[in-house]
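Only one structure is covered here, and it is reproduced in the block below.
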Amino acid sequence: MKKKLISTLLALIIVMSAFPVSVFAENDILGYLTYEINNGNVIITDCDETISGKVEIPDTIDGCPVTVIGSRTFEMCQNISEIILPDSVTTIGSGAFSDTSISFINIPVNVEDLYFSPFSGCEKLTKVNWDAKNAKNPEGWSGGIFSRAGNKENGFDVIFSDTVESIPNCLFAGDGTVRVKNVKIGKNVKEIETNAFASAYMLESITIDKENEYFSIGEKGELLNKDKTVLIRAVNNEKIKEYVVPETVVEILASAFRGCDNITSVVISENVKYCGSAAFRDCENLEEIQILSENTILSSSSFMNSAYEKDEKNWDNGFLYIDNHLIDVQNAENFTIKDGTLSISEQCFQYSDISEIKIPDSVKNIGGFAFYGCDSLESIKISENTEYIGEYAFYGCEKLMSVTIPENVSEIGDKAFAYFTDYYAENNEGVIKDFTINGYTGSVSEKYASENELKFVSIGELTEKEILLKDNSDINVTGIFLILTPENTAKTLYEEIKNKYVSVVSADGTKLSDNTFVGTGAKVQLLDNKGKVLTEYTVLVKSDVNGDAKITAADARVALRTSVKLENLEGVFATAADDNGDNKITAADARKILRKSVNLE
């Protein structure tokens with residue numbers, strides 16, 4: 001029996017010896033490492049490729065803190081299974097752990113910089129514990145911190161611990177082979193930098209600590225800011241084929257859906273104002289796209305390499321449209337933007353060989369870089385309805401000597417006009433001499449000309465879009481409501497309002513004569529110099545329920561009948577009947593209105 005037991009133990013020892021389970025103590029590992037000491041800090045520069053098992057890097061060597069893991073230090077150490085880094089480490093160099101067999105690594109709390117592809121080719125990586133409080137990726141997109149990392153089928157998981165405050169830019173970006181699958185975000189993460197999840201094509205789930213005050217998860221697992229107005233990153237889940245952007249969202253960040261090849265259709269809701277570059281890039285099965293908003297700013301790369309973009313049926317003479325939004329222009333022979341177009345995307349005409357172009361009256365937004373580098377462009381007519389001109393929109397248009405900015409334009413981006421690349425100038429940037437901005441006095445066009453030291457020619461006074469009242473006026477403005485006292489005439493309003501172009505109309509749009517009383521439901525319109533309505537206010541006369549600008553027993557009767565559901569009041573008329581402001585119409589309101597009608601209140 002003893003011999004049998006001994007034989008069994010020997011067999012186990014022989015079997016176990018075939019599998020390295022080394023854990024190196026400090027004195028052991030120093031025999032494998034090459035390092036140097038610079039200004040009292042240890043920089044590890046190389047490691048013997050025969051090292052194996054779990055490796056723990058000491059926090060000090062020769063009494064000095066280990067602060068830097070140098071470039072390619074552990075490259076090709078293919079027998080390492082885990083690496084534990086000390087909290088003293090502040091920098092991880094390019095390719096530091098590339099092509100190793102590690103399944104686990106921690107990123108210590110004090111790491112500040114991670115350089116180019118430190119984990120490239122770590123195809124056995126399954127888990128990363130990220131403790132770095134505010135780490136940066138100095139090389140941006142090209143940094144590819146986790147490029148080619150993780151198993152091709154199962155990917156790897158990342159846990160951002162409670163010490164983390166910021167997730168660095170382009171962390172999961174690179175050549176499209178970042179195989180992160182599951183991410184957990186700790187309670188103290190308050191910043192996620194640009195394109196952090198750009199190439200996370202395998203990302204199936206994101207979870208957030210319930211105590212996190214800065215981010216939230218949507219109904220379909222997408223990552224949003226706390227108030228759900230910014231969509232940061234969607235997950236690529238085979239169960240999610242159709243996607244409707246939540247109505248709360250006003251901005252879809254760059255690369256938010258990039259590589260989500262399970263999605264076949266998407267509806268961009270009417271509240272979305274901006275859809276970033278590459279937002280739906282590489283969505284290979286995305287065939288149907290609907291944009292409900294008329295004011296969305298898009299990028300020519302927003303839908304690059306999607307099924308929709310690749311479908312020739314969606315192109316019209318070199319122009320790609322989604323609904324009434326111009327997305328991209330390629331190999332066009334005739335540069336004519338169709339009537340009804342609402343927006344021109346970012347980079348849409350970039351470097352196109354065009355000499356002149358007319359922006360249809362329907363266009364509201366011209367995206368940044370839209371005509372960048374169009375060095376043959378000599379004239380441009382901007383739509384009267386255009387409201388936004390993005391940064392660098394006409395940068396590099398060296399033959400364009402002037403532009404007329406319509407009154408409705410409320411924003412002009414940085415270096416939108418008059419700038420070009422000049423390699424002989426300071427900062428390699430030149431300004432077109434004698435470039436002229438024609439615009440309205442007091443407008444953003446005059447401000448742009450002034451800030452960029454360009455010639456400005458006034459073509460008129462700016463029409464105010466907000467109501468301006470004389471001092472000590474009895475009129476009050478609350479949001480869209482103009483609150484009046486009883487028995488004010490239209491003439492009184494014209495005298496009290498300082499705006500140049502004003503019209504007072506009834507609820508059905510009929511212009512009121514000067515001596516007509518202005519009651520609840522009437523409208524006060526601010527116009528431009530051509531009579532177009534810019535802003536409209538609804539008149540509210542408290543207790544004037546029937547809209548005749550007087551307070552009588554008839555108003556009290558309507559309020560009383562509404563309180564017992566014999567009549568129904570809606571909108572501003574319901575607000576007028578709610579005399580005590582408790583958001584209900586009751587007999588108490590009717591009583592107050594009646595007392596007012598006989599001057600008891």
Side-chain angles (χ1 to χ4, degrees), residues 69 71-72 90-98 105 107-108 111-122 125 128-150 155-161 164-186 189-204 206 214-215 222-225 230-236 251-260 274-283 299 301-302 304-305 346-347 368-369:
I69 308 296
S71 297
R72 305 191 181 282
T90 61
T91 302
I92 297 176
S94 60
F97 305 98
S98 61
I105 192 165
I107 310 298
V111 168
E112 296 174 353
D113 297 311
L114 295 95
Y115 288 87
F116 181 78
S117 298
F119 306 104
S120 177
C122 296
L125 186 65
V128 177
N129 279 0
W130 188 284
D131 299 322
K133 184 177 181 179
N134 288 301
K136 299 297 179 186
N137 173 12
E139 298 181 85
W141 184 273
S142 63
I145 291 174
F146 287 103
S147 176
R148 297 195 303 116
F156 64 96
D157 298 344
V158 179
I159 297 173
F160 294 98
S161 72
V164 181
E165 293 183 357
S166 175
I167 298 176
N169 69 308
C170 301
L171 178 61
F172 303 112
D175 59 4
T177 55
V178 178
R179 302 179 188 120
V180 60
K181 200 165 189 178
N182 303 292
V183 169
K184 181 179 179 181
I185 296 175
V189 174
K190 57 185 178 182
E191 179 185 32
I192 298 175
E193 294 187 352
T194 305
N195 280 315
F197 295 91
S199 299
Y201 288 18
M202 290 177 63
L203 186 61
E204 290 187 358
I206 304 171
Y214 303 95
F215 300 99
E222 64 272 58
L223 176 62
L224 303 141
N225 66 341
V230 179
L231 199 160
I232 300 166
R233 177 66 201 190
V235 294
N236 192 12
E251 182 176 5
I252 301 171
L253 292 189
S255 301
F257 291 82
R258 185 170 181 155
C260 291
Y274 182 75
C275 181
S277 61
F280 294 88
R281 181 171 178 165
D282 297 335
C283 293
S299 169
S301 66
S302 291
M304 184 180 290
N305 293 332
E346 296 175 338
Q347 300 117 13
F369 297 82

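Residues: numbered from 1 along the sequence shown. Quick note: numbers below take in every heavy atom, side chains included, and nothing from hydrogens, waters or symmetry partners.
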Next on the checklist: Is there a side chain to side chain contact (heavy atoms under 4.5 Å, CB included) between Y115 and I92? Walk through the geometry before answering.
Outcome noted: CA-CA 6 Å; Y115 288 87; I92 297 176; over 6 Å; no
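- In terms of heavy atoms, A198 sits closest to R258 at O-CD, 3.2 Å.
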Walk me through it: do D131 and S161 pass the test side-chain hydrogen bond (donor to acceptor under 3.5 Å, both in side chains)? CA-CA 5 Å; D131 299 322; S161 72; 2.8 Å; yes
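- Ring geometry for F257 versus F280: interplanar angle under 30°, hence parallel rather than tilted (30 to 60°).
- Of all the heavy atoms in A135 and W130, the pair that sits closest is CB-CZ2, 3.9 Å.
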- Task: Any chance you could lay out the side chain to side chain contact (heavy atoms under 4.5 Å, CB included) test for L203 and N236, step after step, and finish with the verdict?
- Result: CA-CA 6 Å; L203 186 61; N236 192 12; 5.6 Å; no
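- Residues E346 and S277 bring no donor and acceptor atom of their side chains to less than 3.5 Å of each other.
- Of the inter-residue distances, the one linking L231 atom CG with C275 atom SG reads 9.5 Å to the nearest 0.5 angstrom.
- Among F146, Y201, F172, the one residue that satisfies the side-chain contact (heavy atoms from CB on, under 4.5 Å) test with V180 is F172.
- For the atom pair I185 CD1 and K190 NZ, the distance stands at 15.5 Å (nearest 0.5 Å).
- A side-chain donor-acceptor contact under 3.5 Å links R233 to the backbone of F197.
- In this structure, a donor-acceptor pair under 3.5 Å is present between the side chains of D282 and N305.
- A donor-acceptor contact under 3.5 angstrom links the side chains of S255 and N195, judged on distance only.
- Annotation: side chain of V230 is not in contact with side chain of F215 (no heavy-atom distance under 4.5 Å).
- Classified by interplanar angle (parallel below 30°, tilted 30° to 60°, perpendicular above 60°), the ring pair F119/F97 is parallel.
- The 12-atom threshold is not exceeded at NZ of K133, counting heavy atoms of other residues, nucleotides or ligands nearer than 6.0 Å.
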Take F160 and V183 through the side chain to side chain contact (heavy atoms under 4.5 Å, CB included) test and state the conclusion after the steps. CA-CA 8 Å; F160 294 98; V183 169; 3.7 Å; yes
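- Put simply, the side chain of N137 gets close to the backbone of N169: a donor and an acceptor are under 3.5 Å apart.
- Put simply, OG on S166 and CD on E191 are 4.0 Å apart, with the number rounded to the nearest 0.5 Å.
- Considering only residues two or more places apart in sequence or on other chains, E112 meets the salt bridge (Lys or Arg N to Asp or Glu O under 4.0 Å) condition with none of them.
- For the pair S199 and A173, the tightest heavy-atom approach, listed with the atom from each and the gap, is OG-CA, 3.6 Å.
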* Going through the checks in order, is the side chain to side chain contact (heavy atoms under 4.5 Å, CB included) test met by N129 and I107? -> CA-CA 6 Å; N129 279 0; I107 310 298; over 6 Å; no
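- Counting all heavy atoms, side chain and backbone alike, C122 lies closest to S98 at SG-CA, 4.4 Å.
- When only modelled atom types and interatomic distance are considered, S147 and S120 share no side-chain donor-acceptor pair under 3.5 Å.
- Contacts of K184 classified as salt bridge (Lys or Arg N to Asp or Glu O under 4.0 Å), with partners at least two apart in sequence or in another chain: none.
- For the residue pair Y214 / N225, no side-chain donor-acceptor distance below 3.5 Å is found, with atom types taken as modelled.
- Side-chain atoms of R179 never come within 3.5 Å of backbone atoms of L125 as a donor-acceptor pair (strictly under, hydrogens ignored).
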